[in-house]
Student: 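Please read through the structure below; I'll follow up with questions.
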Number of protein chains: 4
Amino acid sequence: MKKTQVAAASVPDRRRELLDTAAEVFAAHGYNATTVRRIADTAGMLAGSLYYHFDSKESMVDEILSTFLDELWQGYDAVLGAGLGPRETIEALVTESFREIDRHRAAVAIYQKESRHLAAQPRFAYLTESQRKFEQAWLGTLQRGVAEKAFRADLDVRLAYRFLRDTVWVAASWYRPGGQHSPEEIARQYLSMVLDGIAVRDT
Amino acid sequence: MKKTQVAAASVPDRRRELLDTAAEVFAAHGYNATTVRRIADTAGMLAGSLYYHFDSKESMVDEILSTFLDELWQGYDAVLGAGLGPRETIEALVTESFREIDRHRAAVAIYQKESRHLAAQPRFAYLTESQRKFEQAWLGTLQRGVAEKAFRADLDVRLAYRFLRDTVWVAASWYRPGGQHSPEEIARQYLSMVLDGIAVRDT
Amino acid sequence: MKKTQVAAASVPDRRRELLDTAAEVFAAHGYNATTVRRIADTAGMLAGSLYYHFDSKESMVDEILSTFLDELWQGYDAVLGAGLGPRETIEALVTESFREIDRHRAAVAIYQKESRHLAAQPRFAYLTESQRKFEQAWLGTLQRGVAEKAFRADLDVRLAYRFLRDTVWVAASWYRPGGQHSPEEIARQYLSMVLDGIAVRDT
Amino acid sequence: MKKTQVAAASVPDRRRELLDTAAEVFAAHGYNATTVRRIADTAGMLAGSLYYHFDSKESMVDEILSTFLDELWQGYDAVLGAGLGPRETIEALVTESFREIDRHRAAVAIYQKESRHLAAQPRFAYLTESQRKFEQAWLGTLQRGVAEKAFRADLDVRLAYRFLRDTVWVAASWYRPGGQHSPEEIARQYLSMVLDGIAVRDT
DNA sequence: CATGAATGAGAATTCATTCAT
DNA sequence: GATGAATGAATTCTCATTCAT
């Protein structure tokens, strides 16, 4: 009985397993520098065998990135639809982002490093689209925050947007899941720096 | 005589010119994805001809990165040796960094994207070394700042270090020299966010 | 009991069915360009499953071609043994050929396109042998026809042989069974052209 | 001086030389079955080296076929524009065709065997276009011939067209330039058979 | 200094085939 | 009988690099 369950579950599992392996290798060495052979080696099979499961190396990144982005946007949309104030929205988005980094570190790292080149291909148009929604979400919240006097009026909002965006996502390049800080803890620290600064207040 | 002078002067100039071209292409497409042919095309010559000037593709990045780092450290060392307080040191380092981004945007972008894998090769050991000095300079200043109560005592200093470091350098990926903001202006804005936060203070 | 009968009968039927499918695909795309997977797809199974029925892709063409040639030679031998005059023999051979094209269009097309390279392998020696018998039958009949003054004395007989042979078999490349002309009708037209020419006679 | 001439001429010559080699191999083994390595071997170089001269295997056949068709149509257009009667037009077209077979045997053989598959790709649309012009030229001439009572009224003209077309071009599969018959001689014999038939006339 | 031509070591991908289930 | 997964050899193509001219 258990066997049946396992078998039933194992159909998509093999795929997922291989994609996780691929994501790890892509993240470590970069998409271009990663050979299909290396992925296969890591997965314990021959290069050609990967093609039973995937059409191409490209379709592997594709599936990795789109799966990640789907999940990311589920989280983001929940936050954005929750009717929070600007500061709380930023806090929630940052926290959600670190949770995603925790869950999909490899995918995030790939997204960081490769999305620019990949987005040039029609197949990856959704990367550009995601980028756009991203900007809209963060920039909009910042602008609302300035309007509602939650954020400083003297900020260059576009600069602040880039600052926030990069600050959060670059973390994927050094973050190691299972380390001493939980994603929530890191988010709290980041938010503290971003919102209140690192300088002691001159009161 | 003039000719000799011109010739003498133009030899390194040609080199520099080609390196600038190469840096631009490396920055735009990534080191691996950049073919020697593409660099040559951009420079208006054939791929093989580049080998009159350089030993290899690798030696091109090498020269690009080491030239950049040499200049960077000249600036950093001046700042670090000036006997400034922690906050002023951070301000000066950030400003200096944005000036470097302004002057060597391509080199900085390459450094960002490629230094991790390149550093694995002995030839690029200086990248790791630079990284170390980097960390020492920033982390040390932050720690001094906490000790001297210039920076908040409740910070995770390592986290703050990464935060600062990434925040500054990632800018190379979107910065365009000759835009509306001078590097000093951008530095001022960044520092304002980093030091005082983006939130309105509750006075 | 009935089941056994059906099963007994359906074993070779399934084989035939699969061979027909394979022949169709081979004819449409060429032997080399046809993947086992494509045959299997067309037959509604997976590539590996074909290997329950056949040893190899090669053995599929083999069976297709040899089955066809067996039947062809049965017809030819009947004609050649019937004691007809040269003109009548040619007429009968041409008619028989068009009937074969009608019945085994795919096999004929494969034979046309692939027999040359296949014949290089020992396994397909019978193709060369068939070729030889072919030449003997047609060339012999033509020579007999010239001797008996049924055919023009001024012909280059070898040329005429190739002319006839090609003329007939190439038809397999455009012939569609079930079209407006019956094979006998097409044979009649071909024979009319071949025997009497297309020009109006100047009498 | 001679050297300069040779050098000046050798630029396109190398290309042509390689294309001739490629055409020969394609014709002998089929486009698909021909590996790039084999072409390179025959040309005395390594497979990769071919890519200095050509973009792809496909672009090699492309150039082979289009060069051939260009020349063919030059000849055909001259014939078609000469204002000849139907019979003379057919005679001239057939003769011209055998001359082309003599000059471009390999290209013709490739055209015969591969144009059907190749024509499916947009890049080879000109094959379909050529096919169309072809049909128009031959079929038109035949119809005119019937109307002007040069050709028999009881012919199925479409059948006669295919008959003529195949009859002529298939010759490329066995024709060897430099054999005992000149192309003009072969054309004469073919025309004699096609126009007047192989049977002795009942006077 | 630069070109044209080639090398040779991979790279991604394809495919006939095998085999345990 | 058929499936799913894998193998391994071959194929096209890429690219850094070399070198005679």
Side-chain angles (χ1 to χ4, degrees), chain A residues 3 7 10-11 14-15 17-18 31-40 43-60, chain B residues 7 10-11 14-15 18 31-40 43-60, chain C residues 7 10-11 14-15 18 31-40 43-60, chain D residues 3 7 10-11 14-15 17-18 31-40 43-60:
Chain A
K3 199 179 172 187
S10 74
V11 174
R14 187 71 179 120
R15 230 187 140 70
E17 212 173 294
L18 291 171
Y31 173 69
N32 277 311
T34 296
T35 68
V36 168
R37 192 171 174 276
R38 185 164 202 159
I39 299 172
M45 48 169 45
L46 291 177
S49 307
L50 276 176
Y51 288 80
Y52 176 77
H53 302 276
F54 305 99
D55 282 348
S56 62
K57 183 179 158 185
E58 209 178 84
S59 77
M60 288 187 232
Chain B
S10 73
V11 172
R14 185 72 176 123
R15 228 188 143 68
L18 291 172
Y31 173 69
N32 276 311
T34 297
T35 68
V36 170
R37 190 169 178 275
R38 185 164 204 160
I39 299 172
M45 50 172 43
L46 290 179
S49 308
L50 276 176
Y51 287 79
Y52 176 79
H53 302 277
F54 305 98
D55 284 348
S56 62
K57 182 179 161 184
E58 211 178 79
S59 77
M60 288 187 234
Chain C
S10 74
V11 172
R14 185 73 175 125
R15 226 187 145 69
L18 290 172
Y31 173 69
N32 277 311
T34 297
T35 67
V36 170
R37 189 170 178 276
R38 185 163 201 159
I39 299 172
M45 50 171 44
L46 291 180
S49 309
L50 277 175
Y51 287 79
Y52 177 81
H53 301 277
F54 305 98
D55 283 350
S56 63
K57 182 180 161 185
E58 214 179 76
S59 76
M60 289 187 233
Chain D
K3 199 179 171 186
S10 74
V11 175
R14 186 72 180 121
R15 230 188 139 69
E17 213 173 292
L18 292 171
Y31 173 69
N32 277 311
T34 297
T35 68
V36 169
R37 189 170 176 278
R38 185 165 203 159
I39 298 173
M45 49 170 42
L46 291 178
S49 307
L50 277 175
Y51 288 81
Y52 177 77
H53 302 277
F54 306 98
D55 283 348
S56 62
K57 183 180 160 185
E58 208 178 84
S59 77
M60 287 187 231

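Letters A, B, ... mirror the listed sequences (proteins, then strands); counts begin at 1.
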Student: For a side-chain contact (heavy atoms from CB on, under 4.5 Å) with Leu50(D), tell me which candidate from Lys57(D), Met60(D), Arg37(D) qualifies.
Tutor: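 That would be Met60(D); it is the only one of Lys57(D), Met60(D), Arg37(D) passing the side-chain contact (heavy atoms from CB on, under 4.5 Å) with Leu50(D).
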
Student: Grab the CG-C1' distance between Leu50(D) and dT7(E) for me, whole Å please.
Tutor: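 The distance from CG of Leu50(D) to C1' of dT7(E) comes to 12 Å, rounded to the nearest Å.
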
Student: Which one, dC1(E), dT13(E), dA2(F), comes nearest to the side chain of Ala47(A)?
Tutor: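 Closest nucleotide to the Ala47(A) side chain: dT13(E).
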
Student: For residues Arg15(C) and His53(C), report the shortest heavy-atom separation together with the two atoms involved.
Tutor: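 Residues Arg15(C) and His53(C), closest heavy atoms: NH1-O, 2.9 Å.
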
Student: Starting at the 5' end of DNA chain F and moving along, which residue's nearest nucleotide shows up first, Gly48(A) or Leu18(C)?
Tutor: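 In this pair, the answer is Leu18(C).
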
Student: Closest approach of Ala43(D) and Leu18(D), non-hydrogen atoms and distance?
Tutor: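 The answer is CB-CD2, 3.6 Å.
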
Student: Do the side-chain N or O atoms of Arg14(B) get closer than 4.0 angstrom to the phosphate oxygens (OP1, OP2) of dA2(E)?
Tutor: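 The answer is yes; a side-chain N or O of Arg14(B) sits under 4.0 Å from OP1 or OP2.
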
Student: Kindly compute the distance separating CZ (Arg14(C)) from OH (Tyr52(C)), expressed to the nearest 0.5 Å.
Tutor: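 Going from the CZ atom of Arg14(C) to the OH atom of Tyr52(C) covers 11.5 Å.
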
Student: Calculate the interatomic distance between Phe54(C) atom CZ and dT18(E) atom P; express it in whole Å.
Tutor: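 Rounded to the whole Å, the gap is 15 Å.
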
Student: Using heavy atoms to find the nearest nucleotide of DNA chain F for Ala33(B) and Leu46(C) separately, return the residue whose nucleotide is more 5′.
Tutor: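 It is Leu46(C) whose nearest nucleotide is closer to the 5' end.
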
Student: Compare every heavy atom of Tyr51(C) with every heavy atom of Ser56(C), then report the nearest pair and how far apart it is.
Tutor: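 That would be CA-CE2, 3.9 Å.
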
Student: At their closest point, which heavy atom of Ala33(B) faces which heavy atom of Asn32(A), and how far apart are they?
Tutor: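 Smallest interatomic distance, heavy atoms only, reads CB-ND2, 3.6 Å.
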
Student: Where do N or O atoms of nucleotides 10-12 of chain E meet protein N or O atoms at under 3.5 Å, pair by pair?
Tutor:
| from | atom 1 | to | atom 2 | distance (Å) |
| --- | --- | --- | --- | --- |
| dA12(E) | OP1 | Thr34(A) | O | 3.3 |
| dA12(E) | OP1 | Val36(A) | N | 3.1 |
| dA12(E) | OP1 | Lys57(A) | NZ | 3.3 |
| dA12(E) | OP2 | Val36(A) | N | 2.9 |

Student: So do Glu58(A) and Tyr31(A) actually touch side chain to side chain, heavy atoms under 4.5 Å?
Tutor: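 Result yes, sub-4.5 Å side-chain heavy-atom pair found.
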
Student: Do any side-chain nitrogens or oxygens of His53(B) fall under 4.0 Å of OP1 or OP2 in dA2(E)?
Tutor: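 It does, given that an N or O in the side chain of His53(B) lies less than 4.0 Å from OP1 or OP2 of dA2(E).
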
Student: Where does DNA chain E pair, written as one dot-bracket string 5' to 3', with Watson-Crick or G-U pairs under 3.5 Å, ( ) inside the strand, [ ] for crossing pairs and | for another strand?
Tutor: .||||||||||||||||||||

Student: Does the side chain of Tyr52(A) get closer than 4.0 angstrom to OP1 or OP2 of dA5(F) through an N or O atom?
Tutor: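 So the side chain of Tyr52(A) is within the cut-off, an N or O lying under 4.0 Å from OP1 or OP2 of dA5(F).
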
Student: If you find the nucleotide of DNA chain E closest to Gly44(D) and the one closest to Met45(B), which residue's nucleotide is nearer the 5' end?
Tutor: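 This one resolves to Met45(B).
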
Student: Please figure out whether Ser49(D) or Glu58(C) has its closest DNA chain E nucleotide nearer the 5' end.
Tutor: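 The residue mapped nearer the 5' terminus is Ser49(D).
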
